[in-house]
Amino acid sequence: MSNISEYFKDVFNGVLSLLKGMRVTAGYFFKPSAIVTQKYPENRKNLVMFERFKGEVVMPHNENNEHKCTGCGICEINCPNGTIEVIPKSIITEDGKKKRAIDKHIYRLGMCTFCALCVKTCPSNALAFSQKFEHAVFDRASLTKQLNKPGSQLMKGVE
Amino acid sequence: MRFDFIASYVSAFTGPWWKIFYDFSILTGAVDEWLKGSVSPFWTTVIEMVVVGVVFLLFYAVVGLFLVYAERKVCAFIQNRLGPNRIGPFGIFQTIADLVKLLFKEIIPIKNADSLLFNIAPYIVIIVNFMALAAIPYAKGLHAIDFNIGIFYILAVSSMSVVGVLLAGWSSNSKYSLIGAMRSGAQIVSYELSIGLALITIVILSGTMQLSEIVEAQRTGWFIFKGHIPAVIAFVIYVISSTAEINRGPFDMAEAESELTAGYHTEYSGIKFAFFYLAEYINMFIVASIAATMFLGGWMPFHIGNLEGFNMVMDFIPPFIWYIGKTFVIIWIIMLFKWTFPRLRIDQLLTLEWKYLLPINLVNVLIMAFLVLKGWHF
Amino acid sequence: MEEKVEIIATDEKQEFIINMGPQHPSTHGVLRLVVSLQGEMVKSLQPHIGYIHRGIEKMCESITYPQIIHLTDRMDYLSAHQNNEAVCLLVEKALEVDISDRIKYIRTIMSELSRLQSHQLFWATFGMDLGGQTCYFYGLRDREMILDIFEETTGGRMLVSYNCPGGVMYDLHPDFQKKVKDYIKYFRKKLPEYDAILTGNVIFRERTTGIGTLSLQDAISFGITGPSARASGLSCDIRKHEPYSAYDRVKFNEVLFTEGDTCARYLARVEEMRESLNIIEQLIDNIPEGPYAVKMKPVIKLPEGDYFQRVETARGELGVYVISDGNKNPFRMKFRSPNFVNLGVLNHLAKGFKIADLIAISGSLDLIIPDIDR
């Protein structure tokens, strides 16, 4: 007799556990407010990334087209996978001294692993992360970027 | 003769034209009479067959595509997603776009596959679908064939789809497909029993196998209410075992994608894959229609005893709407199963059938027979 | 070549050999299992690894210690933070740097958060392996919020690269504490749902109970660690036995089960989620003030010698072993990754069970393939 009652207990408990699960899923079915999907291209305008989001490495320039990069090459040394290449040039300052400056700061986005070591170790805070995340391009070559804008100068007071 | 047709057509609508929504035989009868009057009986049959065939083809495609869309939406809402929402408003044209894509897709010939069986398998599944669809009463007078053994015929026909599945798995020369097909064979053969017994419970209650009469017998109350607890038990068993029969989750052993990638149709591509895919959904539609017809009164509106006013209001809703509504409620329940439960293992599946469903079912049939014998049902 | 001969030989014995992977929905990556079946029964299986071998250990020999951090992220990507922590703790131990309490607290909270998100993904994928696809979306939905918390503070979602020798990269975001507290409140409400969908479900119980039982003896001899071993009753939690960071200041239970089957491995992880919530709750209000990083030398050179540090990742014990010749690069670096060791037991567990059970067992071991190959 106990076998039979156990058999029915099994059936009953099993069905009960199934109904519990169905209550959760059916509950969500009738609760559209729980939908978490974001409609991406539509919400592009008000889609704000977190300020620390590592989109890509950029070199901020001020309104006079000046940056803070001295061309020291510490970022290049610290980069674990050769993403950054600093091509320096020597310029002659107003007082006639020879000085190392940046010619090209090459950044290969395709190789970057976003470890943040370049931004972190830059002695003059010349590099930063931008919040841009739409990096898709048709040509791989356009992932290699020059961070200093053409004709840009070293900001005054940055050594 | 042409004028006769118009006259009879008009006569069909001389009453309020929306009457045809309550009895389709007015329309079909008018067309039939006109054909009989204008061409020979042989051509009448041929033309009627062609028309019915075309209507069913359209119906098949529309229902199949809609169900695929519905499933994607239902599972999306269950999973806190939006589901298809890009093509058309709310993504309603998504499945049509998918179908167009599948139509243009290359059909990949499989190396060392048994090409005859491989090519035939999807058609078997589709043909079986059509044969079952033909016998279902959709509304009053909307019924392709009204066999006097209708439910028996549907059972017999729908169990043939396993042949298509087995052939597909066997002929694709893929190990995953083979395992899937064998699982599916074991599964469908066992669950056929439960479906049969659950329906026999209702056949005992109604005393007929003719679907139109079964529906008519439910004018005073649906069988699920008329048949006391045995009918409810039979209904639950039917829903469970029909879910298993159509290879849907949690019984989707045959195509368990986390185990067998896609089971028996792993190797199919293009429109042949679409055939399997559509057939799966039409199968779901068929079992849901049978459940609606046998337990929930088919196209019969919801009537309560002698409440004349209430019954009138219910009668105002066209039978076809009732039928579709009931079918889709059951389809929704079957979908909810799939998107809630984890999959069973093949041996557990058979345990469920042989140790739980079958004994309960047999006792249930006995109780129902006793009830009918004593006349205790409503 | 030898392998091919073997397959042909077994074919003659009327075995049914299927290749599960490297592209298969439930091997979670590029693990290839050559399974020989008899009917549905698994007779034996042979894992083939190396499809995502990147030579991380060798690469480490040519880069400096701060640079190693970003490679450890990519081993066990679900316990990225714990992997980073292991290397950082090793460097700090070697250089005998005293780090502030704030750093310890931050690291512990972050570790537990990443353990939480890892177990959530385990729950999600385990449910999907067993055929309950809705689990996947519920698990990911809740995990996404942790990733948002990560992103706000560290800038990365999965591969956080947040640790650095001597501390952490940035200070906590001002919103961090509030968001974590909100999340704990939210997730405590969701856990009963997890139980309703999977843990209590009769089909789930039937599928997992008594499947792939790992005895305590076997767990020790195969070297299993982490929740998989604790499900067999092996007390192996590094957080308890060899506390690092702030684990010696929090009260938590080591989740132990004795059954050792697939269900126990699952339950161990679900219980660990609760424990993680407890740990975070104890720490989140008491984060002491202080510097978030100790000033280190620009070029970190480890004194000559060999060093070993182990941490408890979400999947078990990660050991980092470094031989230094006094240079800025390690002379030899070795990771004792939990997944590689845990994979070894798969053949032992799955033998004699069905294919469906094999999926459940490999799912319950919660293998991360990039950590196996490294």
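Being a predicted model, the structure only gives us computed values, none of them experimental. The sequence lines fix the lettering, A, B, ..., with proteins before strands; numbering per chain opens at 1.
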Practice task
Give a yes or no on this: more than 12 heavy atoms of other residues, nucleotides or ligands lie within 6.0 Å of atom CD1 of Ile229(B).
Solution key: no
Practice task
Decide if atom CZ of Phe273(B) counts as having more than 12 heavy atoms of other residues, nucleotides or ligands within a radius under 6.0 Å.
Solution key: yes
Practice task
Kindly check if the number of other-residue, nucleotide or ligand heavy atoms within 6.0 Å of OH (Tyr77(C)) is above 12?
Solution key: yes
Handout entry: Non-hydrogen side-chain atoms of Lys338(B) and Thr134(C) separated by less than 4.5 Å
Key = no
Problem - Minimum heavy-atom distance between Arg183(B) and Ile355(C), given as atom pair plus value - result: NH2-CB, 4.2 Å
Handout entry: Contacting moiety of Gln79(B), where chain C heavy atoms sit under 4.5 Å
Key = both
Completion exercise
Counting heavy-atom pairs under 4.5 Å with chain B, the top scorer among Asp357(C), Leu140(C), Val202(C) is Asp357(C)
Problem - Ala356(C) versus Arg345(B), closest heavy-atom pair with distance - result: CB-CG, 3.6 Å
Handout entry: Lys181(C), NZ: over 12 other non-hydrogen atoms inside 6.0 angstrom
Key = yes
Practice task
Go through the atoms of Leu352(B) and report whether side chain, backbone, both or neither lie under 4.5 Å from a heavy atom of chain C.
Solution key: neither
Practice task
Indicate yes or no: at least one non-hydrogen side-chain atom of Ile179(B) is less than 4.5 angstrom from one of Leu37(C).
Solution key: yes
Fill in the blank from the handout: Nearest heavy-atom approach of Ile203(C) to Arg343(B) is CG2-O, 3.8 Å
Practice task
Could you look at Arg207(C) and say if it's the side chain, the backbone, both or neither that has a heavy atom under 4.5 Å from chain B?
Solution key: both
Exercise for the section: Below 4.5 Å from any heavy atom of chain B, which atoms of Leu198(C) appear? Answer side chain, backbone, both or neither. Expected result: side chain
Handout entry: NZ (Lys185(C)) with more than 12 external heavy atoms under 6.0 Å
Key = no
Fill in the blank from the handout: Smallest heavy-atom separation, Tyr176(B) atom then Asn19(C) atom, equals OH-O, 2.8 Å
Practice task
Count the heavy atoms of every other residue, nucleotide or ligand shown that sit under 6.0 Å from OH of Tyr356(B), and state whether that count exceeds 12.
Solution key: yes
Practice task
Apply the test side-chain contact (heavy atoms from CB on, under 4.5 Å) to residues Asn80(B) and Tyr138(C): give CA-CA distance (whole Å), side-chain angles for both, the deciding distance (0.1 Å), then the verdict.
Solution key: CA-CA 8 Å; Asn80(B) 296 348; Tyr138(C) 290 170; 4.1 Å; yes
Exercise for the section: Tell me, out of Asp347(B), Thr340(B), Thr351(B), who's got the most heavy-atom pairs with chain C below 4.5 Å. Expected result: Asp347(B)
